[in-house]
2 protein chains.
Amino acid sequence: MLRISKLTDYAIVVTAAMAGDPKRIFSAAELSSETHLEPPTVAKVLKMLTRSDLVQSFRGASGGYRLARTPADITVAQLIVAMEGPIGMTQCSVHQGLCSTEAVCALRGHWQQISRAVHAALSEMTLLDMTRPTITHTLVPELKLHNQTTESP
Amino acid sequence: MLRISKLTDYAIVVTAAMAGDPKRIFSAAELSSETHLEPPTVAKVLKMLTRSDLVQSFRGASGGYRLARTPADITVAQLIVAMEGPIGMTQCSVHQGLCSTEAVCALRGHWQQISRAVHAALSEMTLLDMTRPTITHTLVPELKLHNQTTESP
DNA sequence: GCAAATAGTACAATTTTAGTCCTCTTTACC
DNA sequence: GGTAAAGAGGACTAAAATTGTACTATTTGC
Ligand code: FES
Ligand code: FES
């Protein structure tokens with residue numbers, strides 16, 4: 001299914017909520033009730049994002065979190081990388097020894113190429129885009145070109 | 001990490017091996033020794049691919065498997081879909097009820113857009129491409145346009 | 001009929017992921 | 001200075017998904 005983890009999904013929900021008011025400092029509890037996610041989960045996500053410098057944290061009473069940059073400068077790719085590590089689709093992008101003859105195997109280079117393409121696609125969507133009304137920048141005509149033979153349940 | 005499953009990886013290794021001689025009928029055992037993957041694993045993968053009509057199977061003595069189409073007509077996207085189901089990156093692409101207010105949530109549509117972009121990227125790589133020497137069709141200049149701020153170990 | 005080979009299904013073990021909790025440190029405010 | 005609010009960090013449990021394997025049935029060539 002080629003999916004991101006739930007935690008990553010949450011991270012985007014939470015940051016999208018923060019993007020609604022980029023200057024404001026939100027406590028984890030506030031974000032929890034706003035997003036309807038469990039407080040410990042929200043806290044965990046925010047901590048991870050803080051370590052990657054995508055959000056700023058303020059400790060102490062009346063502390064909280066704030067986006068470290070403007071929503072337009074935070075991409076989905078960055079969020080995914082922060083939560084899951086580098087985008088690489090195969091084991092063999094990292095290790096080797098899976099394939100027939102490692103030395104001869106052409107697949108590896110191609111996987112890296114594919115990963116870059118995916119990364120590029122994910123880099124084009126920013127948090128700002130995500131907060132816009134859904135079908136905003138409709139590239140609908142373009143989409144018709146790829147008629148999904150593979151449906152979507 | 002946004003990765004495909006190992007089984008999917010194997011599927012591509014196996015089909016790439018078959019692409020080396022598209023007309024030939026390989027037994028699962030042959031493919032196993034050629035790819036250095038365990039026989040039961042190779043068998044499982046081939047069965048799944050058969051159900052999606054990406055490979056043809058021939059039962060009985062001297063039976064085996066063969067690609068159902070030419071390598072140029074089988075894309076990585078098709079292989080991934082065959083192994084993992086439709087490409088959709090989030091839960092919320094399928095279910096709903098995760099986000100603040102489902103009705104208002106702008107994310108869902110954007111996720112679908114992203115998934116389509118990824119699918120398009122994966123559709124551009126065929127099995128034929130995969131069997132070519134690694135850096136074959138270098139779209140390198142194009143890649144430079146997206147300077148990865150997020151590195152890649 | 002027999003042997004080779006796939007189909008299909010079911011299962012156990014492993015590995016990941018999710019989710020929670022607890023303790024420590026920092027800071028605002030009285 | 002004391003107290004309470006809030007985050008940092010890590011450890012731990014439980015649940016889910018993935019892997020890998022085994023077994024039985026069916027098909028086909030000789
Ligand atoms: S399949 Fe990844 S290096 Fe060969
Ligand atoms: S986050 Fe997916 S629908 Fe809102």
Side-chain angles (χ1 to χ4, degrees), chain A residues 1-14 18 24-33 35-68 80 82-85 89-91 94-95 98, chain B residues 1-11 13-14 18 24-33 35-68 80 83-85 88-92 94-95 98:
Chain A
M1 209 230 300
L2 190 70
R3 70 169 190 294
I4 59 179
S5 77
K6 277 193 190 175
L7 235 22
T8 306
D9 196 350
Y10 299 157
I12 294 178
V13 172
V14 169
M18 295 168 83
R24 176 172 158 201
I25 295 182
F26 298 84
S27 72
E30 284 169 341
L31 287 169
S32 165
S33 65
T35 57
H36 297 169
L37 298 172
E38 296 304 313
T41 302
V42 172
K44 187 178 191 175
V45 164
L46 285 167
K47 281 183 239 181
M48 294 176 76
L49 293 174
T50 301
R51 265 171 263 178
S52 298
D53 293 319
L54 288 171
V55 308
Q56 280 185 307
S57 70
F58 300 90
R59 303 180 67 164
S62 77
Y65 297 91
R66 187 176 61 181
L67 293 181
I80 292 178
M83 298 298 295
E84 316 201 356
M89 314 200 77
T90 55
Q91 322 280 132
V94 186
H95 309 90
L98 279 177
Chain B
M1 210 229 301
L2 191 68
R3 71 170 190 292
I4 60 179
S5 77
K6 277 193 191 174
L7 233 23
T8 305
D9 196 350
Y10 298 157
V13 173
V14 169
M18 296 168 81
R24 175 173 160 201
I25 294 182
F26 298 85
S27 72
E30 284 170 342
L31 286 169
S32 165
S33 67
T35 58
H36 297 170
L37 298 172
E38 296 305 313
T41 302
V42 172
K44 186 177 192 174
V45 164
L46 286 168
K47 282 182 239 182
M48 296 177 75
L49 293 174
T50 300
R51 264 171 265 180
S52 298
D53 293 318
L54 288 170
V55 308
Q56 280 185 307
S57 70
F58 301 91
R59 302 181 67 163
S62 77
Y65 298 91
R66 186 176 62 182
L67 293 181
I80 292 178
M83 300 297 295
E84 317 201 356
M89 315 200 77
T90 54
Q91 321 280 130
C92 79
V94 186
H95 310 90
L98 278 178

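Bear in mind that the values here come from a model prediction, so they are computed numbers and not experimental data. Lettering of chains follows the sequences in order, A, B, ..., and the numbering in each one begins at 1.
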What is the distance from [atom1] of [X] to [atom2] of [N], rounded to the nearest Å?
{"X": "A:K47", "N": "C:dC21", "atom1": "NZ", "atom2": "P", "answer": "13 Å"}
{"X": "B:F58", "N": "C:dA7", "atom1": "CZ", "atom2": "P", "answer": "11 Å"}
{"X": "A:K6", "N": "C:dT17", "atom1": "NZ", "atom2": "P", "answer": "13 Å"}
{"X": "A:L46", "N": "D:dA8", "atom1": "CG", "atom2": "C1'", "answer": "12 Å"}
{"X": "A:Q56", "N": "D:dG7", "atom1": "CD", "atom2": "C1'", "answer": "14 Å"}
{"X": "B:R59", "N": "D:dA25", "atom1": "CZ", "atom2": "C1'", "answer": "8 Å"}
{"X": "A:F26", "N": "D:dA5", "atom1": "CZ", "atom2": "C1'", "answer": "18 Å"}
{"X": "B:L37", "N": "D:dG20", "atom1": "CG", "atom2": "P", "answer": "9 Å"}

Residue-phosphate contact under 4.0 Å: [X] side-chain N/O, [N] OP1/OP2:
{"X": "B:S62", "N": "D:dC30", "value": "no"}
{"X": "A:S27", "N": "D:dA5", "value": "no"}
{"X": "A:Y65", "N": "D:dA8", "value": "yes"}
{"X": "A:R3", "N": "D:dT18", "value": "yes"}
{"X": "A:Y10", "N": "C:dG19", "value": "yes"}
{"X": "A:S5", "N": "C:dA18", "value": "yes"}

Pick from B:L31, B:T41, B:V55: which one makes a side chain to side chain contact (heavy atoms under 4.5 Å, CB included) with B:V14?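 Looking at B:L31, B:T41, B:V55, the match for B:V14 under the side chain to side chain contact (heavy atoms under 4.5 Å, CB included) is B:L31.
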
For B:V45, which of B:L7, B:L37, B:T8 qualifies under side chain to side chain contact (heavy atoms under 4.5 Å, CB included)?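 For B:V45, the side chain to side chain contact (heavy atoms under 4.5 Å, CB included) check succeeds only for B:L7.
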
Both A:T50 and A:A61 contact DNA chain D. Which one's nearest nucleotide lies toward the 5' end?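 Its nearest nucleotide lies further toward 5', so the answer is A:A61.
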
Hey, are the side chains of A:K47 and A:Y65 touching, using non-hydrogen atoms and a 4.5 Å cut-off?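 Contact flag for A:K47/A:Y65 side chains = yes.
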
Counting C-beta onward and ignoring hydrogens, is there a side-chain heavy-atom pair between B:L46 and B:M18 closer than 4.5 Å?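 In contact.
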
Contact class for B:A28 vs. all strands (heavy atom < 4.0 Å): base, sugar-phosphate, or nothing?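 B:A28: backbone/sugar contact only, no base atoms under 4.0 Å.
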
Among D:dT21, C:dT6, C:dT20, which nucleotide has an atom closest to any side-chain atom of B:K44?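 Nucleotide nearest to B:K44's side chain: D:dT21.
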
Among C:dA18, D:dT27, D:dA8, which nucleotide has an atom closest to any side-chain atom of A:L7?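 Selected nucleotide: C:dA18.
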
Between B:S52 (side chain only) and B:L49 (backbone N and O only), is there a donor and an acceptor less than 3.5 Å apart?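 No; zero donor-acceptor contacts below 3.5 Å.
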
